[in-house]
Structure formats: C-alpha cells, structure tokens
Amino acid sequence: DAKTTQPNSMESNEEEPVHLPCNHSTISGTDYIHWYRQLPSQGPEYVIHGLTSNVNNRMASLAIAEDRKSSTLILHRATLRDAAVYYCILCGYNKLIFGAGTRLAVHP
Amino acid sequence: DSGVTQTPKHLITATGQRVTLRCSPRSGDLSVYWYQQSLDQGLQFLIQYYNGEERAKGNILERFSAQQFPDLHSELNLSSLELGDSALYFCASSEEGVRQETQYFGPGTRLLVL
C-alpha cells in the first residue's frame with residue numbers, strides 16, 4: 001500500500017527558508033502529491049500540489065524528485081504564522097493517503 | 001471561511017450511544033470527504049462521496065456510516081460509541097472529487113464520549 005513518511009517535527013527561524021521533506025516511495029504513476037497545513041484550532045488548508053513538475057504558488061514551492069519517490073515543500077521565508085502541522089498526501093484514483101504530518105515551529 | 005459548514009461544533013455523549021454529524025459543502029461542490037483526528041494524532045481519511053455515491057473508503061469502522069443526500073449535504077453516523085471515538089471530525093468538499101483538486105475543510109465537530 002502507498003504511504004507517506006514525514007519527520008515528526010522541524011524548527012526554523014523567522015525569515016529563513018524551510019524545507020519540509022516527504023517520502024512516498026510506493027507512489028503510483030497517477031497519484032498527485034498534495035500538501036495541506038493545519039494551523040492551531042483550525043481545519044486543514046490547501047498549500048500546493050503537483051504531479052511530476054516542480055510547482056510554485058504564492059504560498060510555497062513544491063519540488064518533486066525525478067523518480068517521484070519523494071518531494072519537498074519549500075517555504076521561502078518562514079513567518080510566525082507558518083507555524084502549523086504540514087501534511088503530505090497522495091491523491092489517487094479512489095484513494096487518499098495521508099502522512100502523519102510535520103509540526104513546524106518558527107522562532108522569532 | 002472555507003464555505004464548508006459543520007454542525008454541531010461540539011458534542012458530548014456517553015459510551016454506547018449514537019450520534020449524527022452534519023456537513024454542508026461549498027456551493028457547487030459535488031464531493032464530500034470525512035476525516036477523523038484523534039487527540040494529538042494526524043488526520044485519518046474515513047470516506048468520500050461524490051454526488052450521492054460512495055467513491056473512496058479509508059479507515060472507517062463498521063460502526064460508522066455516512067451518506068450524501070440529493071441536496072449534497074452529508075451526514076456521518078457514529079454508533080455504539082466508545083471512549084476512543086472521542087476526536088475532531090472534519091468534513092471537506094471539492095468540485096468533482098478528483099485527485100488533482102483542492103479540498104476545502106470545515107471547522108470540524110469535536111466529539112467527546114464519556
């Protein structure tokens with residue numbers, strides 16, 4: 001079965017870049033890689049997604065390995081508001097595979 | 001505000017009881033998803049519906065069931081409740097329920113089983 005593996009926690013300083021890794025070695029060829037984040041006491045919110053190519057949006061960048069067995073969410077300049085749990089998710093045909101999430105702490 | 005609404009916000013009940021959680025998707029969204037988040041745990045996908053039909057199933061217990069109605073709202077029924085069912089239950093919605101779409105999450109229903 002496909003699954004995603006993420007570090008339990010990471011720390012960063014404000015204004016510095018953050019690279020959040022995710023391993024998904026059993027990904028299927030048609031699975032999309034999504035990232036969501038959950039701020040304290042809120043429901044998860046969408047961050048970014050991709051299939052094969054790297055993606056950029058106003059929130060973050062997603063770097064996908066050439067073999068698609070891993071990906072990295074990049075926050076270019078962390079702010080205190082980025083402190084959250086970040087989930088890496090595989091979205092395939094009739095399946096959703098969640099990782100356990102990485103809790104990101106951002107220090108002033 | 002994601003546009004997804006969930007009721008009730010909080011629910012306290014006893015072991016062995018049955019409860020129903022309700023979700024209204026964003027206007028125009030045809031697919032709803034249900035998730036469970038236990039204390040200090042990550043999100044567990046339970047089930048997905050698209051336009052009234054079950055589309056995908058995750059780690060949903062046999063004591064739990066869900067349905068999506070013609071007006072597209074969805075209900076999650078939890079029966080024979082156990083202490084371990086205490087959790088946050090999230091509903092999310094998306095337009096077509098396909099793998100490249102964004103899901104919009106509601107604020108959640110906090111269930112406490114005593």
Side-chain angles (χ1 to χ4, degrees), chain A residues 1-10 20 22 24 27-53 55 57-60 62 64 68 71 84-104, chain B residues 1-7 9-10 21 23-26 29 31-51 53-60 66 76 87-110:
Chain A
D1 279 349
K3 66 173 187 177
T4 71
T5 305
Q6 303 177 250
N8 287 337
S9 62
M10 292 185 65
L20 298 165
C22 180
H24 31 77
I27 189 171
S28 299
T30 54
D31 290 346
Y32 277 77
I33 302 158
H34 287 243
W35 284 82
Y36 283 73
R37 71 180 186 182
Q38 187 173 18
L39 302 171
S41 302
Q42 293 188 27
E45 63 177 1
Y46 169 81
V47 178
I48 201 166
H49 79 279
L51 183 61
T52 56
S53 305
V55 183
N57 67 20
R58 64 175 181 81
M59 289 181 72
L62 176 60
I64 301 173
R68 300 206 331 125
S71 61
V85 178
Y86 288 78
Y87 292 98
C88 168
I89 303 156
L90 298 184
C91 298
Y93 286 111
N94 301 332
K95 72 175 183 187
L96 283 164
I97 308 295
F98 275 71
T102 296
R103 184 174 299 275
L104 175 66
Chain B
D1 183 359
S2 66
V4 178
T5 59
Q6 291 186 248
T7 56
K9 278 189 175 178
H10 303 275
L21 312 183
C23 168
S24 293
R26 286 189 328 153
D29 285 357
S31 191
V32 294
Y33 308 76
W34 285 98
Y35 297 89
Q36 179 191 57
Q37 186 172 41
S38 303
L39 189 64
D40 295 330
Q41 297 291 312
L43 284 165
Q44 295 284 325
F45 167 63
L46 296 178
I47 198 163
Q48 178 197 2
Y49 279 82
Y50 170 74
N51 206 20
E53 301 288 326
E54 182 184 305
R55 174 167 278 185
K57 216 168 196 177
N59 301 320
I60 189 166
L76 179 67
L88 258 175
Y89 291 84
F90 287 105
C91 167
S93 74
S94 69
E95 285 186 32
E96 299 285 337
V98 293
R99 63 197 194 283
Q100 63 268 39
E101 279 182 341
T102 298
Q103 292 184 37
Y104 296 89
F105 282 77
T109 292
R110 187 174 294 279

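Numbers restart at 1 for each chain; the letters A, B, ... are given by sequence-line order, proteins then strands.
- Using a 4.5 Å heavy-atom threshold, the side chains of A/Q38 and B/F90 count as touching.
- Taken to the nearest 0.5 Å, the CD atom of B/Q103 stands 13.5 Å off from the CD atom of A/E45.
- With chain A as the partner, the residue from B/Q48, B/R99, B/Q6 showing the most heavy-atom pairs under 4.5 Å is B/R99.
- Distance check, rounded to the nearest 0.5 Å: CD1 of A/I89 to CZ of B/F45 gives 11.0 Å.
- In this structure, B/R110 places its CZ atom where only 12 or fewer heavy-atom neighbours from other residues, nucleotides or ligands lie under 6.0 Å away.
- Between A/Y36 and B/F105, the gap from one ring centroid to the other is short of 6.0 Å.
- Using a 4.5 Å cut-off between heavy atoms, A/S41 does not touch chain B at all.
- Ring centroids of A/F98 and B/Y35 are separated by less than 6.0 Å, placing the two rings close together.
- Counting heavy-atom pairs under 4.5 Å between each of A/L96, A/L51, A/V85 and chain B puts A/L96 at the top.
- Residues passing the side-chain hydrogen bond (donor to acceptor under 3.5 Å, both in side chains) test with B/N59, sequence neighbours excluded: B/Q44.
- Looking only at distances, a side-chain donor or acceptor of A/H49 sits under 3.5 Å from a matching main-chain atom of B/Q100.
- Annotation: side-chain hydrogen bond (donor to acceptor under 3.5 Å, both in side chains) contacts of B/E95 (sequence neighbours excluded): none.
- Proximity to chain A is limited to the side chain of B/Y33, based on heavy atoms less than 4.5 angstrom apart.
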